[in-house]
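Each chain gets a letter, A, B and so on, in the order the sequences are listed, and its residues count up from 1. The basis for the numbers below is simple: all heavy atoms, side chains too, and nothing from hydrogens, waters or symmetry mates.
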Protein chains: 2
Amino acid sequence: MLVSVQPGEPMKVMPAPSRRNAAAHPCEQCFQSRFCLPIALPQDELACMRDIMQATVRMHKGEALFEAGQPVSKLYSVHAGSFKSVVGSPDGRQQIVGFHVAGELMGLESFAMRTFATDGVALEDSEACEIDVGTLERHAAASPALLHQIHGLIGNRLACAQQNQFALGSMHAEERLARFLLDLSQRYRARGLSPDAFVLSMTRQDIASYLGLKLETVSRLMTRLHRDGILQVEQRRVRITNRDGLTALLAPPGH
Amino acid sequence: MLVSVQPGEPMKVMPAPSRRNAAAHPCEQCFQSRFCLPIALPQDELACMRDIMQATVRMHKGEALFEAGQPVSKLYSVHAGSFKSVVGSPDGRQQIVGFHVAGELMGLESFAMRTFATDGVALEDSEACEIDVGTLERHAAASPALLHQIHGLIGNRLACAQQNQFALGSMHAEERLARFLLDLSQRYRARGLSPDAFVLSMTRQDIASYLGLKLETVSRLMTRLHRDGILQVEQRRVRITNRDGLTALLAPPGH
DNA sequence: CGTTGTTTTGATCCTCATCAAAACTTGTGG
DNA sequence: CCACAAGTTTTGATGAGGATCAAAACAACG
């Protein structure tokens with residue numbers, strides 16, 4: 001999914017503060033197809049996108065694009081691969097609060113804040129486009145359309161976080177997993193990929209963390225959904241074979 | 001806490017779509033003391049606040065200031081009393097995702113979105129200042145300082161939502177309650193009120209919903225904290241008698 | 001002062017966590 | 001290329017935290 005690293009630079013897979021490889025400019029797709037930045041602008045304002053998106057960074061699996069506490073100067077748009085947003089507590093526990101696949105924006109939660117609130121960690125070898133916050137704000141001040149789009153993105157993110165709160169607080173384990181899979185499916189569809197068959201880029205542990213469960217529970221639930229003919233699961237390959245059955249899990253009889 | 005309603009208008013306590021009582025203009029405090037709108041601007045830009053904050057609405061306990069699905073045209077700043085933000089699901093379950101006391105902004109999660117994502121319901125008889133979104137956006141476009149402050153507020157709200165996700169997904173019941181009480185305490189302190197003694201404006205049921213628990217569990221935990229000498233609880237009056245003990249609950253030995 | 005909603009407390013149950021171990025996958029170095 | 005090491009996933013047995021069911025004490029309200 002990612003072009004191989006140039007020879008000479010050893011590939012560290014463990015999370016390390018090592019500096020990442022930055023290309024000089026993002027790909028043309030970023031401007032043409034809205035693939036990198038989910039923002040639609042009138043033709044005559046498209047030029048500013050070139051200004052906003054300044055570089056592409058390549059991350060190895062497990063590396064952090066940014067870390068909680070760091071000053072915010074960039075946002076990131078996922079160009080290839082996928083990332084997770086992780087919040088940590090002083091006592092060392094941590095929880096995943098979001099996943100980001102290609103075409104989605106990361107770091108929005110930290111927009112206009114001094115420091116990042118989460119770690120942004122690559123789930124696999126990935127690429128992200130850097131977006132300078134200052135430049136973005138400058139352009140946004142001049143373009144109401146751009147500003148409005150950004151606010152829409154932030155609003156969506158907030159609504160999403162509230163839905164997550166609902167899921168974690170009110171849903172049972174099986175419902176949470178069903179919601180997670182349907183959400184992922186929907187996002188792949190938005191990317192133009194198959195909504196029924198996809199490969200999970202995160203471990204059972206990651207899914208469990210996101211859903212407020214333990215990895216054994218997630219594994220058991222996957223197995224159960226497979227047995228019930230709702231999914232075909234083999235390792236990280238998933239195929240939704242009975243979407244209605246999966247959807248039905250969201251409104252359990254007990255409530 | 002709220003001036004009495006004028007005679008002649010019957011007071012409905014049950015949640016009803018009845019129209020609320022709107023005063024012509026917000027109080028002077030809103031501009032002078034940043035009490036109503038937690039935004040600080042340079043002196044020469046303060047005038048626009050008068051433009052942004054157009055009216056004060058009075059809500060009775062249980063009434064909805066706005067409802068999920070309604071088109072967004074106003075934000076609200078709590079002037080007196082308190083509110084809860086509630087998300088609902090198709091099957092009728094609902095969960096509280098936030099509380100708002102005087103001096104805090106509501107509806108931010110819906111900024112720049114077409115429709116509200118939550119219900120905003122008064123926990124007691126309350127007052128809120130209406131803020132016209134269009135006017136606010138227009139002023140923000142002209143004032144980078146104002147825009148930056150708004151983004152900061154939104155960023156805070158998002159960070160808060162992520163912390164809630166962490167709490168719901170990773171914390172035990174007792175920790176969640178401790179966090180809730182300390183958070184509330186901190187917000188009362190920010191208002192200039194006592195951080196140690198306050199009156200909960202929400203029911204046990206509300207607290208339980210917010211924390212992803214059942215009301216019986218919340219009640220039992222309150223009793224336990226009282227027995228352990230950490231709190232004095234009688235009905236909704238709470239006094240924190242051992243803040244260190246309360247804080248210590250946030251980092252349990254088991255983890 | 002009865003009605004209704006809120007809170008407390010008790011007894012029991014169930015979902016999911018925990019502990020444990022084996023099957024399997026992936027990456028590494030000889 | 002194979003063998004070993006480390007990480008991931010599955011499955012089982014057991015336990016605990018919090019939910020559920022039930023009812024009484026208490027406060028608020030008309």
**Report entry** Main-chain N/O of Ala68(B) paired to Asp119(B) side chain as donor or acceptor, under 3.5 Å
**Finding:** yes
Query raised in the report: Do the side chain of His226(A) and the main chain of Val233(A) share a donor and acceptor less than 3.5 angstrom apart?
Result: yes
Report summary line: Rounded to whole Å, CD of Glu124(A) lies from P of dG27(C) at a distance of 13 Å
Query raised in the report: Rounded to whole angstrom units, what separation is found between the CZ atom of Arg237(A) and the P atom of dT25(C)?
Result: 15 Å
Enumerate the protein-to-nucleotides 12-15 of chain C contacts in which both atoms are nitrogen or oxygen and the separation is below 3.5 Å.
none

Query raised in the report: Is the distance between the ring centroids of Phe99(A) and Tyr210(A) less than 6.0 Å?
Result: yes
Report task. Take the protein atom CG of Leu177(A) and the nucleotide atom C1' of dC16(C), then report the distance between them rounded to whole Å. Result -> 14 Å
Query raised in the report: Hey, are Asp196(B) and Tyr188(B) close enough side-chain-wise for a donor-acceptor pair under 3.5 Å?
Result: no
Query - Integer-rounded Å distance: dA20(C) C1' and Lys214(A) NZ - result: 16 Å
Query raised in the report: Is there side-chain contact between Lys214(B) and Val218(B), with heavy atoms separated by less than 4.5 Å?
Result: no
Query raised in the report: Hey, does the side chain of Thr118(B) reach the backbone of Val87(B) with a donor-acceptor pair shorter than 3.5 angstrom?
Result: no
Query raised in the report: Base, backbone or nothing for each nucleotide of nucleotides 8-13 of chain D, written B, S, -, heavy atoms under 4.0 angstrom, 5' to 3'?
Result: SBBBBB
**Report entry** Distance in angstrom units between Asp206(B) CG and dG5(C) P, rounded
**Finding:** 15 Å
Query raised in the report: Between the main-chain N or O of Ile96(A) and the side-chain N or O of Ser209(A), is there a donor-acceptor pair closer than 3.5 Å?
Result: yes
Query - Backbone of His100(B) reached by a side-chain donor or acceptor of Ser82(B) within 3.5 Å - result: no
**Report entry** Pair Asp206(A) + Lys84(A): basic N to acidic O under 4.0 Å
**Finding:** yes
Report summary line: Pairing string of DNA chain D (Watson-Crick or G-U wobble, both atom distances under 3.5 Å; | = paired to other strand) is ||||||||||||||||||||||||||||||
**Report entry** Full working for side-chain hydrogen bond (donor to acceptor under 3.5 Å, both in side chains) between Thr56(A) and His79(A)
**Finding:** CA-CA 8 Å; Thr56(A) 300; His79(A) 182 232; 5.4 Å; no
Requested in this report: Using whole Å, report how far CG of Leu213(A) lies from P of dT18(C).
Outcome: 11 Å
Query raised in the report: Do the charged groups of Arg187(A) and Asp183(A) touch, with an N to O distance under 4.0 Å?
Result: yes
